[in-house]
There are 2 protein chains.
Amino acid sequence: MKYSKATNYALHTMLYLVSAAPNKPIGVQLLAERQGVSPTYLSKILTKLVKADLIESASGANGGYRLKRKQEEISFLDIIHAIEGTASLFDCTLNHSSKCLIQQEMVEAERQMEQYLQNKKMSELAGKMTVD
Amino acid sequence: MKYSKATNYALHTMLYLVSAAPNKPIGVQLLAERQGVSPTYLSKILTKLVKADLIESASGANGGYRLKRKQEEISFLDIIHAIEGTASLFDCTLNHSSKCLIQQEMVEAERQMEQYLQNKKMSELAGKMTVD
DNA sequence: TCAATCAAAGACTTTATTAATCTATAATAG
DNA sequence: CTATTATAGATTAATAAAGTCTTTGATTGA
Ligand code: SF4
Ligand code: SF4
C-alpha cells in the first residue's frame, strides 16, 4: 500500500502554485519540467485538481493554472482525495454486518489519519519551504 | 491506495484463531475454506505471520497454526505490518531535505493512523464477533 | 520404518493497477 | 487567423498484487 506517484506530483505542484504569484497562471510545461515528468501526464493530474475545485485553468496564450481557493482553505486531504479518491482503504467485499468490528476499526484508524491531513493547510507550507 | 487482499485474509484468519481453542492447531485447509481462498495462497500469508511471531506452526499430522502470543498482545498494526511491511506510505524518491514539510506531515499523518491501530488488540474482538 | 499429513519455499502465471505516451479536439489571447 | 495552452480518450508499457503449481522438509502415528 502506497500513495501513488500522481499524489506526489499533485502535492508538489500545489506547493509550487502556492509559492507563486497568485494571479499569473503557470503552464503545465513549466510545472512538469520542475518535477521531471511529462507535461501530458501531469496535465491529467492537474485536471483532477481542477475538477476538485482546488485550482482553475485558463486555455490559450498566457494560460495555465492557478489556485482557486485561499491557501488556508486547501488541505493536504483535499489534494489527496482529488487524486486517490475517497473510498475506504480497507475494503471487505462481503460487508455482511454493520456491526463488524474489523471494518469499524479500520475505518476509524483511517479517519484519524484523514483528520490530521485535513487540518494541514497549504498555508503552512508557504514560505517555509523552497520548491526545487 | 488500498490495503491488499492479503491483509484482509490475515486479519480474518487471526480473528478466527483468536476465537478458536488456543491449544489445538488449525490447518490451513480449514482456514482457507472459510474465506474462499486457495490453501496454498493463504499458506504464504500465514508464513508471514509466523515470521512476525504472531502465530506458530506445526508440521505433520494434527499440525497447523495457533496463536503464539496472548490476544491482548497482538495489535491490528502488528498484523498489518507483517503483511504490508513497514515502509512509509508516502515515498518521495528524492528526499533532499530532512526539513521537508511535505514529507514530515505525511509521515506524521500516517503515524496517527498507526497509533490507533497499535492500540487495537485482538482481545477486543474476541467474543464480540462471530466469524463467518 | 513407512505412509499419510501438514507447512515452507520457490518458480511461475495471470490479473489488476499505475504510469506514461500519443493524438485529436477545444478554448483563447493577440 | 494562428500560436498557445488545456482537455479528453485511446492506447501502451511497467509494476505490483493475486494466485497456481510443484518440490521439499518436518512430524505423527500405525
Ligand atoms: S467480518 Fe467484517 S471485514 Fe470481514 S467480511 Fe465480514 S463485514 Fe467484512
Ligand atoms: S520537497 Fe520533500 S517530498 Fe518533495 S522531493 Fe523534496 S524531500 Fe521529497
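Since this is a predicted model, take the numbers as computed values, not measurements.
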Handout entry: d(CG, B:Leu49; P, C:dA9) in whole Å
Key = 13 Å

Fill in the blank from the handout: Of B:Glu84 and B:Ala61, the one whose nearest nucleotide on DNA chain D sits closer to the 5' end is B:Glu84

Problem - salt bridge (Lys or Arg N to Asp or Glu O under 4.0 Å): pairs with one or both residues in residues 1-25 of chain A, sequence neighbours excluded - result: none

Practice task
Would you name the heavy atoms of B:Ser43 and B:Val28 that are closest together and state the gap between them?
Solution key: N-CG2, 3.9 Å

Problem - Side-chain donor-acceptor contact under 3.5 Å, B:Gln112 with B:Glu108 - result: yes

Completion exercise
Given protein heavy atoms under 4.0 Å, the one-letter contact record of nucleotides 6-14 of chain D, with B base, S sugar-phosphate only and - none, is simply SBSBB----

Exercise for the section: Starting from P on C:dA7, measure out to CG on B:Leu42 and report it in whole angstrom. Expected result: 10 Å

Practice task
Verify the contact: side-chain N or O of B:Ser4 to OP1 or OP2 of D:dA17, cut-off strictly under 4.0 Å; return yes or no.
Solution key: no

Practice task
Take the protein atom CG of A:Asp91 and the nucleotide atom C1' of D:dA17, then report the distance between them rounded to whole Å.
Solution key: 13 Å

Problem - Same apolar cluster: B:Met113 and B:Val107, side chain cutoff 4.5 Å - result: no

Practice task
Applying salt bridge (Lys or Arg N to Asp or Glu O under 4.0 Å), name anything that partners B:Glu84, two or more places apart in sequence or on another chain.
Solution key: none

Practice task
Identify the two heavy atoms, one from A:Asp53 and one from A:Lys68, that lie closest to each other, and give their separation to 0.1 Å.
Solution key: OD1-NZ, 3.1 Å

Handout entry: Terminal helix-axis angle for the helix from C:dT1-D:dA30 to C:dG30-D:dC1, with five pairs defining each axis and rounding to 10 degrees
Key = 10°

Fill in the blank from the handout: Between CE of B:Met1 and P of D:dA17 the distance, given in whole Å, is 13 Å

Exercise for the section: Nearest whole angstrom, please: distance from the C1' of C:dT15 to the OH of B:Tyr41. Expected result: 12 Å

Exercise for the section: Answer yes or no: is there a donor N or O on one side and an acceptor on the other, between the side chain of A:Glu110 and the main chain of A:Leu89, under 3.5 Å? Expected result: yes

Exercise for the section: Please identify each residue that fulfils side chain to side chain contact (heavy atoms under 4.5 Å, CB included) with A:Ala61, with sequence neighbours left out. Expected result: none

Exercise for the section: For B:Gln35 and D:dG19, give me the distance from atom CD to atom P, rounded to whole Å. Expected result: 11 Å

Problem - Gap between atoms CD and C1', on A:Glu56 and C:dT28 respectively (whole Å) - result: 15 Å

Exercise for the section: Respond yes when some side-chain nitrogen or oxygen of B:Asn62 is under 4.0 Å from OP1 or OP2 of D:dT27, and no when none is. Expected result: no

Handout entry: side chain to side chain contact (heavy atoms under 4.5 Å, CB included) involving A:Ala32 - partner list, sequence neighbours excluded
Key = A:Val37, A:Pro39, A:Leu42

Practice task
May I ask you to say what B:Tyr9 touches in the nucleic acid, namely base, sugar-phosphate or nothing, with a heavy-atom cut-off under 4.0 Å?
Solution key: sugar-phosphate

Handout entry: Nucleotide C:dT5, atom P - distance to CG of B:Leu31 in whole Å
Key = 18 Å

